[in-house]
Amino acid sequence: MALNKEFAARRLHSLLGIIPIGLFLMQHFVVNHFATRSAEAFNGAAHFMENLPFRIFLEMFLIYIPILFHGIYGLFIVFQGKANAKRFGYFRNWMYIFQRITGVFLLVFITWHVWDTWVQAQFFGAEVNYQMMADIVANPWMLAFYIVGILSATFHFSNGLWSFLVTWGITVTPKAQLAATYFTLAVFVAMSVIGLRAIFAFV
Amino acid sequence: MSDAQAQETRNAEETDTKKVKFIITRQDDPDSPSYDQEFEVPYRENMNVISALMEIRRNPVDSQGNQANPVIWDMNCLEEVCGACSMIINGTARQSCTALIDQLEQPIRLEPMKTFPVMRDLQVDRSRMFDSLKKVKAWIPIDGTYDLGPGPRMAENKRQWSYELSKCMTCGVCLEACPNVNDDSSFIGPAAISQVRLFNSHPTGEMNKSERLEALMGEGGISGCSNAQNCVEVCPKGIPLTTSIAAMNRETNIQSFKNFFGGGN
Ligand code: HEM
Ligand code: SF4
Ligand code: FES
């Protein structure tokens, strides 16, 4: 039997959220965390990433294409749902809504973030380094925008990890799903601490 | 007169004069707009929403004293096993036959479920649920031209959990609660997914396992679930719907690998 399109697309969307997008997010936060040591440490780490071989292919296939698919198809999924937490105010139903709110916000945030850094470097001769980020977050509005963006990403990733485990039939029993709730909560806290420490290192 | 007797007399008097207030969302036919109408029904002990609706049907006069059309609703078993009488009672989708007046805040608001097309007043068309059951082949095909003999036996522990799944009465409450079941999506909803788990757990039903899983992998199938998990909270039969969905997620994933890479059936 042919692979059903909708089924395959939804499973691909789910998989891409963790591999590679989720893994990239972790890697991205770890590199940025070098900024808490010193500007030089950050520049060194960013420089190392910049000089990876086959960089353009890595970027395309591990970041841009997966995120474009996940983001655009995600938006399509958002429009197929009708939020109803007013009538059914259960915990998981709120998570369902926050997954959508953070997803849509991330689409805006990531577009802006890529424009602000990658596009400037690729096409307008800017250099991605400590000073670039420090200049961006010198504006308190941009700092706030980045903080909300970081927290949206860590929430969306952590809660997405929880639902990924259900989508792939890994956590089946209520017990396993509850354990996953605590585990992904810990992931959310840890990732948020790393992300926020990194952004405040540029202030 | 003893205290108990006095209490009984007082109760009887109260019962004579006490009224139950209803606000009912009405709709004259599938295409016309809905409107609210208020009714006051004389209180009787142990009354439920259905007996109150029957009283309105007997004496269809609204609370202003105007003649009204009798209210239409669906019912069948009157013991919460058929699911036909589901409606929204004070904001909650549930069966009206087990909704006791004494346990409800007044005025009691009755509305038709919103996920299904309204036929008239509180009566909705749940055909889509039965269509879904057909789509996922929620039955065990044993008809043939000769006697197939007895089927394999079922393990007792399996029988226990699958019995719980068999309690589904296709009432539609879980579809009503699901944010992904609506006009903009073709998602069949939790009930039919759980039925696949039920029929696939049956030793004879298992022989057609892959057909049901493939139906779940089709258009509007299991991938429409986004794990909001309202269904398991609202199911009046306490069916572990989210466990069924996660179990069928696992099975459909395995099936899709088998279909693509080969192996088993
Ligand atoms: C930082 C980047 C992102 C990461 C790490 C990420 C990760 C994930 C993960 C792991 C899931 C869970 C998949 C599942 O339920 O099986 C998910 C779901 C989802 N994502 Fe993302 N995502 C990102 C960006 C976006 C963007 C930009 C959108 C755009 C709207 C989006 C929309 C969605 C939606 C709607 C879901 C829910 C799907 C469902 O419940 O069926 N995501 N995401
Ligand atoms: S699973 Fe529960 S809520 Fe859903 S139709 Fe069956 S009995 Fe009703
Ligand atoms: S009449 Fe059958 S469930 Fe109420």
Side-chain angles (χ1 to χ4, degrees), chain A residues 1-15 17 73-100 103 156 159-181 184, chain B residues 88 91-93 111 114-115 161 173-174 176-187 197 210-211 213-234 240-261 265:
Chain A
M1 213 187 99
L3 212 54
N4 176 266
K5 268 202 211 112
E6 188 189 13
F7 183 81
R10 284 294 287 253
R11 290 299 186 254
L12 183 63
H13 178 259
S14 168
L15 182 68
Y73 195 63
L75 208 56
F76 173 71
I77 295 171
V78 170
F79 284 116
Q80 286 185 328
K82 265 199 192 121
N84 61 8
K86 235 201 216 154
R87 283 176 68 206
F88 305 96
Y90 306 110
F91 172 70
R92 275 287 150 216
N93 200 23
W94 279 108
M95 296 297 106
Y96 167 94
I97 290 173
F98 288 136
Q99 188 72 7
R100 277 142 185 78
H156 190 91
N159 190 53
L161 178 60
W162 181 88
S163 93
F164 170 90
L165 292 172
V166 179
T167 302
W168 290 90
I170 297 164
T171 49
V172 172
T173 61
K175 230 192 215 164
Q177 293 181 2
L178 185 65
T181 298
T184 53
Chain B
I88 301 176
T92 308
E111 301 160 79
K114 296 172 166 61
T115 299
W161 63 254
V173 167
C174 55
E176 176 77 11
C178 179
N180 278 12
V181 173
N182 60 62
D183 297 341
D184 300 325
S185 113
S186 56
F187 181 42
R197 181 163 173 240
S210 61
E211 287 170 38
L213 292 175
E214 269 154 22
L216 278 190
M217 287 149 63
E219 161 81 11
I222 192 169
S223 64
C225 173
S226 289
N227 304 310
Q229 301 208 330
N230 290 341
C231 53
V232 75
E233 303 276 357
V234 299
L241 290 161
T242 49
T243 309
S244 288
I245 292 170
M248 291 305 99
N249 271 331
R250 182 185 288 182
E251 294 288 312
T252 48
N253 292 335
I254 292 172
Q255 187 66 41
S256 70
F257 282 107
K258 280 183 184 168
N259 288 352
F260 188 77
F261 293 105
N265 49 24

For residues 222-229 of chain B, please give each side-chain donor-acceptor pair under 3.5 Å, one per line with the distance, not counting sequence neighbours.
{"unit_1": "S226(B)", "atom_1": "OG", "unit_2": "R10(A)", "atom_2": "NH2", "d": "3.3"}
{"unit_1": "S226(B)", "atom_1": "OG", "unit_2": "R100(A)", "atom_2": "NH2", "d": "3.0"}
{"unit_1": "S226(B)", "atom_1": "OG", "unit_2": "N180(B)", "atom_2": "ND2", "d": "3.0"}
{"unit_1": "Q229(B)", "atom_1": "NE2", "unit_2": "Q177(A)", "atom_2": "OE1", "d": "3.0"}

* **Which residues share a side chain to side chain contact (heavy atoms under 4.5 Å, CB included) with E176(B), sequence neighbours left out** => R87(A), I88(B), A93(B), M113(B), K114(B), T115(B)

Using modelled atom types and a 3.5 Å cut-off, is there a donor and acceptor pairing between side-chain atoms of [X] and backbone atoms of [Y]?
X: N182(B); Y: Q80(A); result: yes
X: N253(B); Y: T167(A); result: yes
X: N249(B); Y: V166(A); result: yes

Which of the residues [options] is involved in the greatest number of heavy-atom pairs with chain A at under 4.5 angstrom?
options: T92(B), N230(B), D184(B), I254(B); value: N230(B)
options: P179(B), P240(B), A246(B); value: P179(B)
options: G218(B), S185(B), G91(B); value: G218(B)

Which bit of [X] is near chain B, if near means a heavy-atom gap under 4.5 Å: side chain, backbone, both or neither?
X: F91(A); value: neither
X: T171(A); value: backbone
X: I170(A); value: backbone
X: W94(A); value: neither

Heavy-atom pair with the smallest gap, counting every atom of [X] and [Y]:
X: M217(B); Y: F7(A); value: O-CB, 3.3 Å
X: V234(B); Y: Y90(A); value: CG1-OH, 3.7 Å
X: V172(A); Y: A247(B); value: CG1-N, 3.8 Å

* **side-chain contact (heavy atoms from CB on, under 4.5 Å) between T252(B) and R11(A), worked out** => CA-CA 11 Å; T252(B) 48; R11(A) 290 299 186 254; 3.7 Å; yes

* State, with a plain yes or no, whether a side-chain heavy atom of T243(B) is found less than 4.5 Å away from one of P174(A). => yes

